[in-house]
Amino acid sequence: MKKKLVKRSAFGIFSLEKYPFPVFVCDKPGQVILVNRSLLGELGVAQNELTGRSVPDLLENPARWESIRNLTGQEEEDPGRAEKIIFDVGSSVIYELDCIVQFHTAPENDFFVFWVKDIHKRQFGSQSSDKKILPVADPLISNETETGYRLIFNVSPLPMWIHRLEDFQILDVNEEAILFYGYSREEFLGMTAKELRPPSEIPKLMAAHLNLDRNLKRFRFGIYTHRKKNGELVRMEVFGSRISYQGEECMIISCWDVTAKESQLLAIQEYARKLKFSTELSKIGYWQSDLRSGQLHWSDEVYAIWNRKKEDFPVSFESFFETVFPEDRQKFLEVRDQALADRQDFNFVHRIIMPDASLKWVLEKGRLIFGEGGEPMLFEGAVQDIDAYKTLELQISNILQSISDAFYALDEQWNFTYFNKEAENLLKKREEEVLGKSIWEVFPQAIGTTLEENYRRVSETGISVTFEYLFPNEGGWYEINAYPSTGGVSAYFKNVDERKKTAEELAQAFEERNSILESIGDGFIAIDRNWKVTYWNKMAERLLGKNRAGVLGHDLREIYEKLESTNFYLYLYRVMEEGKALDMEEYFREIGLWLEISVYPSHKGLAVYFKDVTERNRALEQIKLANERFEKITEVTHDAIWDWDIKNESIYYGKGFETIFGYDLTCVPPSLDFWSDRIHPEDIDRINASLQSALDDVNAEIWFDEYRFKLAKAEGYAFVIDRGMILRDKSRQAYRMVGSMADITYRINYDNSLRENNLKLAQYTRELERSNWELEQIAFVTSHDLQEPLRMISGFLSQLERKYSHRLDDKAMQYIRLAIGGSQRMKQIISDLMEYSKASKSLEEKSDVRLSDILKEYVLLREKNISDKKVRTILINDLVFLSFRSSITQVFHNLLDNAIKYSKSGEAPVIELAAWEKEGFYYFSVKDNGIGIDPLYFGKIFEMFQRLHAGGKYSGTGIGLAITKKLIENMGGEIWLKSQEEVGTTFYFKLPQ
Ligand code: ADP
């Protein structure tokens, strides 16, 4: 509610002018720029007396201006700032204004509004001067509907109350009434409107209420005598407005104290009575002038009026004219001559000079008497002493001129006889213009209106009436009191536009309040300080499922038994205690609804507004969940998520832009440019075109493309594939796109290197194949082509040895034997080489092999050598494994051969075989106690023709271990060793299972 009020108060300054409660406005530098009518009225000053003044100078504490100036209006729930303004209106009067200051922004200007809460009038030299004259409800705390009623009610300078039509029970009363009548609020609320009157007035009151016109809303009940608490009787003019209050038919009453006015009226009536009496008593003289002889005759009464003696005063026109007051002489002649010329009667009031030089008012009435031939013969007349009358009249006139109400008097011919200053002001006519003229002539527009009707009734019945009258053309409402006066009508009147407006505003505020309370979409309930429900609108019936009739007047805690254990109750209680409004949102299990609730304190209790926000909360919850989900996805995915609101030209970039591309999202502007600016210049045109064509194609729902996207830190670009889903509205216009960018740089790199490797591999394979082929050729040549000549050499050498041994000496024989040994060694090398070349070309199938079998075969084969050298073989553990039988046999034979061959002289060789399985491999070891190998040569020994022992100590070709390694590697295995010189060597190898 408060928010709504603040929003509404972005009114523009000028609507404040019409705001019915005191308020003023200053601009940013602190100059007063507007004071509304209401405040001007309260202070009794003109607009220009306050505008232009500097607020810092008006502040009770000028230092506070700094903090007011810093108000920004940004504070969400800004309740305004309380400040005191001191305003000196000259003489000895100072007004203290309690204000609430708020900052507002208008299109052209920023300004501060000072809502005046209270006005205190301070008079110097007076003890009890601090009288609160303007109790105003805080317009910021009250809700807007209550405000209208409550503020006008409390701000009204008239005593007001609300009573129930049925029994006159007073239900509410304003501050002014409390001040005026002297009863306290509590006393008032325990009284009926009847008790404000002396018993004699009650029948009149009852009658007025009985005869209420059903079709009217507003009533003017007339003047009643009221009695104050202290017994003083006052005359009050009473107005009423029919309203519905707390669901009951009531009357809101405002009263106007007319006691003083009535006493003035009585005085005037008294004068008028005297006047009439004195006129009746006064004598009338007679005079006659013979127009032919010029003789003038006076009756005794004339002499008496003139206070002249017959004997001393020779009467003639000249002597008479001498007695006429010089100022009136000219006029007298004019009137007389006019009468003679027109042959008409004349009437003339003038003053005469008495023997003692005093003046006396007389009224002359003259008429002409004509002769037979129609010629004027006699001029006769009556003269009346009207001095007493005139004196009274002047007295009355003086009173009338001095009183504040407008007044005029009409004689029996409806001619104006009085027209006072205020009448001049209000009716915009000057006294001279209207005196002696008929009201119907001066104000023809009044003819046929209620004014004429009322005036005629007064003149006929002699009974006064009071009525409200809207002056045609001139506009404006007048309250007219018409009284009968000597033959005519006199009327008091005053402009009641302001009062009318206040009354209308009040009635309207009530109506608005009720109709607003009923029509607002919000539920509204009001409770008093005793928790009794005083209001329960239709929406409350609907949301809370309780009927108005069933709850009005009941204690809220009885209506909801569990109320006191709820949060809601705590809030209500707090507002009641602290007098500060509260907002809350709460789930009500009983009715299954989420309600947004605003609780406002009022002087009578609490006003509670509530709204069903269940749907909103559900939707919010869902949005929150969806958002969370979305956020989570963007966090865990390896893609950079984006969400482009095409209509509003904003874009959301997910965490991926941070984690993948290294951008600090807090610095990323939520615009499309961030993205497009970072696309590789060579790609941008292509991407723009492809995106645009996807957006333009009304059937396209997916867009994807690949391009290079700039990285934040590293120089260079990431290869990305970007996929987006296009969301379209009913007219197939794209309004949103959600998508993700995946970094495919590694894939592209991998693809590239794979391609490269494959190329290399193919080349390598080709080279390998060629070299293998060459090797095979060599092996072939070696095995066949070399063996032939070798066989020839060794054959002829054998022949030479056998056939020519007797002719050759010993030396020649030794050479021949050496040559035979060499050729045999060469033969061995060749067969080993063939063996090696064969090792790479195994076409054998795998089969189960038992280690112990291999050892047995070996021992059988090398039986002689083993027994000669006393070799001991130990099988640490046996193993059956799947392998290529011949290859594995050859491996073991080679290793066992070496273990025996490189044994220490003088120590029998001990060889241990072991085998085990581990992690998908078979492991084998062949351990000897031979001469050992220097670790320096661990690599060398597996190369072809590499031997550590030259000469004849250990025979061999240096190919055995090369073949062994090749065989093991061909089977997918590996060979290595541990050795220590003079201790022994262990060869290990493993084969895949
Ligand atoms: P050879 O025909 O010389 O035995 P090998 O390739 O079988 O050729 O061995 C290469 C060299 O490795 C041998 O000359 C020898 O010096 C060394 N060697 C091989 N096995 C052993 C062993 N069990 N103990 C010590 N030295 C060994």
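For clarity, every value in this text was computed on a predicted model and none was experimentally measured. First listed ligand is number 1; within each ligand, the first listed atom is number 1.
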For atom 7 (O) of ligand 1, what is the nearest protein heavy atom, given as residue, atom name and distance? Asn898 ND2, 3.0 Å

I'd like to check which ligand 1 atoms, numbered from 1 as shown, lie under 4.0 Å from a non-hydrogen atom of Ile941. 12 (O)

Please report which non-hydrogen protein atom sits nearest to atom 3 (O) of ligand 1, along with the residue it belongs to and the distance in Å to one decimal place. Arg947 NE, 2.3 Å

Report the nearest protein non-hydrogen atom to atom 23 (N) of ligand 1: residue, atom name, distance rounded to 0.1 Å. Asp928 OD2, 2.9 Å

Counting only heavy atoms closer than 4.0 Å, does ligand 1 sit against the backbone of Ile959, its side chain, both, or neither? backbone

Distance from atom 10 (C) of ligand 1 to nearest protein heavy atom, with residue and atom: Gln946 O, 3.5 Å

Under 3.5 Å, is there a donor-acceptor pair between the Asp897 and Tyr858 side chains? yes

What part of Asp897, side chain from CB on, backbone N/CA/C/O, both or neither, has a heavy atom under 4.0 Å from ligand 1? neither

Does a side chain donor of either Tyr707 or Asp722 reach within less than 3.5 Å of an acceptor in the other side chain? yes

To check your reading of the model: name the closest protein heavy atom to atom 6 (O) of ligand 1, its residue, and the distance in Å. Leu961 N, 3.0 Å

For atom 16 (O) of ligand 1, closest protein heavy-atom neighbour: His949 CD2, 2.9 Å

Name the closest protein heavy atom to atom 25 (C) of ligand 1, giving the residue it belongs to and the distance to 0.1 Å. Tyr902 CB, 3.3 Å

Is the closest side-chain donor-acceptor distance between Trp703 and Ser690 under 3.5 Å? yes

Six-ring centre of Phe921, Lys990 cation under 6.0 angstrom, axis tolerance 45°: yes

Please work out whether the ring planes of Phe674 and Tyr663 are parallel, tilted or perpendicular, with thresholds of 30° and 60°. perpendicular

